[in-house]
Every structure is written in C-alpha cells, then in structure tokens.
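Only a predicted model underlies this, so the values are computations on that prediction, with no experimental measurement involved.
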Amino acid sequence: MTSVAEEAGTQTEAPKPTPGVAKRASAWARRAPLLPALVFMIIVTQLPFVATLVISFMDWNAYYPDEVGFAGFDNFARVFTDVNMRDAVWTTILLTAGVVLISLVLGLGIALLLDRKFRGRGAVRTMMIAPFLVVPVAAALIWKHALYNPEYGLFNGALTWIWGLFGSDNPPQPDWISNMPLWAVIFSLVWQWTPFMMLILLAGLQGRPLDVIEAARIDGANNWQIFRSMTLPHLRQYLELGALLGSIYIVQNFDAVFTITSGGLGTANLPYTIYQIFYQAHDYGRASAAAVIVVIGTIIIATFALRTVSSLFKEEGRR
C-alpha cells in the first residue's frame with residue numbers, strides 16, 4: 001500500500017522547469033515592461049519612415065493629382081542630378097564642418113579652463129551649459145534680432161560704442177546677415193553647440209590618469225608638452241564622439257536656416273531644400289527621396305558614433 005501511494009504522489013508532482021525555460025521566462029519578465037515603449041517608438045518613428053520610403057518610389061505631385069504612379073528610382077536620380085540639390089549638399093557640408101570644427105576648438109578651450117579648480121566653478125559650468133538648453137528657434141531669433149539687426153542689434157551697438165571711444169561719429173553699421181549669410185548661421189549654431197562639445201571633452205578630462213601627468217611634471221614636462229603628448233591623445237576618442245554626434249544633429253538642422261535667412265543668399269541646406277520641395281513645389285515623391293538619402297547618411301554617421309561610444313566603454317571597463 002505504501003509503495004502504491006508513493007507512486008501516486010510521485011505522479012502528481014509538477015515537472016520542474018528546465019534551466020533554459022526559466023532563463024527565457026526571466027528574460028521576458030524583464031523585457032515585458034519595455035514592450036509598450038517599443039511599440040510606441042515603432043509606430044512613431046518606423047512607420048512614417050516606411051511610408052516615406054514607399055512615397056519616394058512614386059511620381060506624386062499635388063499639382064498633378066491625376067498622374068500619381070510608380071516612378072522607380074527616377075526620384076533618386078533627379079535628386080542626384082538636380083543643381084539646387086547639389087548646392088544644398090555643398091552648403092550642408094560647409095555648415096556642418098564649420099560648426100563642428102569651431103565648436104570643438106572652443107569647447108576644448110573652455111573644458112581646459114573649467115577643469116581647473118577655482119571658486120564658483122560649479123556656477124560657471126552651469127552658466128556655460130545654458131546656451132545648449134535654449135530652444136533652437138528662440139536661439140535663432142535672439143541672434144537674428146538682438147545681435148545681427150543693423151538698426152538696434154548688439155553687434156552694431158558695440159561698434160558704435162567702440163568708435164565713440166575714439167571720437168568718431170560715423171561708425172560702421174554692417175548688415176551682418178546680408179554681408180555674411182552662411183557665417184551668420186554658423187555663428188548662431190556654434191554658440192548653441194559649443195557647450196555640448198565642452199561637456200563631452202570635460203568628461204574626458206575628468207578621466208585622465210592624474211598620477212601619470214604628475215609623474216611627467218616631476219620629470220620636467222611643461223604644460224604644452226603634457227597637453228600635446230598626453231591630454232590630446234587621451235581626448236582623441238572624445239573629440240571623435242563630439243564631432244560625430246554634432247554632425248548627426250547639425251546635418252538635420254532646419255531652425256537656424258529657416259529663422260535667420262529663410263534659406264536665401266546661398267544658405268539653403270538639405271533639410272530646408274526638402275522643405276521647399278515638399279511644401280512649396282508639392283513634389284512629394286522627390287522630397288521623400290531626398291529625405292531617405294539624408295536618413296541613410298545620418299545612419300552611417302550614427303554607426304561610427306556608436307562604435308566610438310562602444311570603444312570608450314570598453315576602455316573604461318579595462319581600467
């Protein structure tokens with residue numbers, strides 16, 4: 001009797017899950033709370049991109065609603081052969097390169113200064129970050145009206161004050177936007193993106209091996225030698241990361257060009273040109289093809305940025 005009961009009890013016991021099943025269940029339990037956010041991101045980002053990709057292969061112009069049809073790669077061919085689009089690509093390259101290089105140089109200088117210990121360093125760091133937190137359109141409006149305006153702008157007011165110190169009643173009052181339109185856009189973006197570069201480079205400076213630097217000082221190395229041979233090589237990947245991330249965002253910049261110059265005087269970059277094709281020419285197919293090309297270029301840059309970030313994390317893990 002006892003053996004029969006034991007056999008029955010043994011048969012009624014639930015089977016224990018295998019380690020693989022338990023591991024997969026635990027992984028799903030951790031990922032399940034993220035599924036709503038993932039679904040939302042797919043709906044908000046991926047579905048519009050798929051729609052843009054489909055439209056890029058269509059001949060669709062709102063002025064000719066009866067001629068909508070499949071165009072194949074004609075829209076992409078028109079994008080690459082359009083003179084205005086080639087000019088927009090060149091303008092985008094100049095704009096991106098100018099903003100990134102100047103912001104990196106200024107950000108490096110400011111990061112080196114803020115890496116030193118002085119009274120009120122925390123407050124100064126907070127104030128230096130402020131331009132990056134300003135809404136892009138608001139920043140562009142500040143530069144267009146408060147600084148560049150030839151009648152009441154700060155720059156011409158400063159010129160009037162400086163010439164007045166020398167007894168001159170006829171100071172120069174240039175129209176900054178008309179005289180240097182692309183540089184006007186570049187300077188406004190440099191003001192906004194220098195704090196971003198400064199933050200990345202300051203984080204890199206905080207990770208320097210101070211014991212090695214102190215040993216170099218004891219051996220007689222001066223500040224320039226330490227910066228050139230130790231600090232700059234250490235910051236190489238942080239400089240690359242800042243350049244890549246800055247390029248991703250500045251390539252897509254629309255606010256400054258639209259607000260300051262309205263795309264005139266040779267400042268129309270790719271995003272503004274796509275805006276003109278879509279909202280003014282109403283050529284939805286060609287605008288979508290240009291947008292797809294910009295997205296692919298941005299993804300390529302982002303891939304290099306992710307590799308740089310990954311290498312930084314690997315180096316930090318080895319320390």
**Report entry** Pairwise distance CZ(Phe258) to CD(Gln276) - rounded to 0.5 angstrom
**Finding:** 10.5 Å
Query raised in the report: Has the side chain of Asn269 got a donor or acceptor atom that lies under 3.5 Å from a matching backbone atom of Asn253?
Result: yes
Query raised in the report: Are the side chain of Lys144 and the backbone of Thr259 linked by a donor-acceptor contact shorter than 3.5 Å?
Result: yes
Report task. Check for a donor-acceptor pair, side chain of Gln280 on one end and backbone N or O of Tyr275 on the other, with a separation under 3.5 Å. Result -> no
Query raised in the report: Is the backbone of Gly204 close enough, under 3.5 Å, to the side chain of His234 for a donor and an acceptor to pair up by distance?
Result: yes
**Report entry** Path from Leu35 to Ile43 over hydrophobic side-chain contacts below 4.5 Å
**Finding:** no
Query raised in the report: Does the separation of the ring centres of Phe132 and Trp193 fall below 6.0 angstrom?
Result: yes
Query raised in the report: What's the shortest heavy-atom distance between Gly246 and Met197, and which atoms?
Result: CA-CE, 4.0 Å
Requested in this report: Using atom types as modelled and distance alone, determine if a side-chain donor or acceptor of Gln192 lies under 3.5 Å from a backbone N or O of Ser188.
Outcome: no
Requested in this report: Would you kindly confirm whether Ile142 and Ile177 end up in one hydrophobic cluster when ILVMFWY residues are joined by side chain heavy atoms under 4.5 Å apart?
Outcome: no
Requested in this report: For residues Phe57 and Phe76, establish whether the separation of their ring centroids is below 6.0 Å.
Outcome: yes
Query raised in the report: Quick one: do Leu241 and Leu101 end up in the same hydrophobic cluster if we chain Ile, Leu, Val, Met, Phe, Trp and Tyr together by side-chain heavy atoms under 4.5 Å apart?
Result: no
**Report entry** Heavy-atom closest pair, residues Gln252 and Thr298
**Finding:** NE2-CG2, 3.3 Å
Report task. Indicate, with yes or no, if the rings of Trp183 and Phe187 have centres closer together than 6.0 Å. Result -> yes
Query - Joint cluster assignment, Phe196 & Val137, ILVMFWY side-chain distance < 4.5 Å - result: no
**Report entry** Check: Trp176 ring centroid to Tyr148 ring centroid under 6.0 Å
**Finding:** no
Query raised in the report: Any Lys/Arg nitrogen of Arg286 or Asp74 sitting under 4.0 Å from an Asp/Glu carboxylate oxygen of the other?
Result: no
Query raised in the report: Going from OG on Ser56 to OH on Tyr284, what distance comes out if it is rounded to the nearest 0.5 angstrom?
Result: 15.5 Å
Report summary line: Heavy atoms of Asp59 and Ala71 approach each other most closely as N-CB, 3.6 Å
Requested in this report: Give me the one residue out of Val190, Leu189, Thr194 that meets side-chain contact (heavy atoms from CB on, under 4.5 Å) with Ile102.
Outcome: Val190
Requested in this report: Please confirm whether the backbone N or O of Ser262 pairs with a side-chain atom of Tyr272, one donor and one acceptor, at under 3.5 Å?
Outcome: yes
Requested in this report: Verify the cluster assignment for Val105 and Trp191: are they in a single hydrophobic cluster under the rule of side-chain heavy atoms below 4.5 Å apart?
Outcome: no
**Report entry** Met230 side, atom CE; Arg217 side, atom CZ - distance, nearest 0.5 Å
**Finding:** 9.5 Å
Query raised in the report: Should Asn149 and Tyr152 be marked as a side chain to side chain donor-acceptor pair (under 3.5 Å) after you check the CA-CA gap, both sets of side-chain angles, and the distance that decides it?
Result: CA-CA 6 Å; Asn149 191 282; Tyr152 53 81; 3.3 Å; yes
Query - Check: Asn222 main-chain N/O paired with Gln225 side-chain donor or acceptor under 3.5 Å - result: yes
**Report entry** Pro174 backbone acceptor or donor facing Asn156 side chain under 3.5 Å
**Finding:** yes
Query raised in the report: Distance-only, no hydrogens or angles: does the Thr92 side chain make a donor-acceptor pair with backbone N or O of Leu270 under 3.5 Å?
Result: yes
Query raised in the report: Is Leu112 close to Leu201 at the side-chain level, that is, under 4.5 Å between some pair of heavy atoms?
Result: no
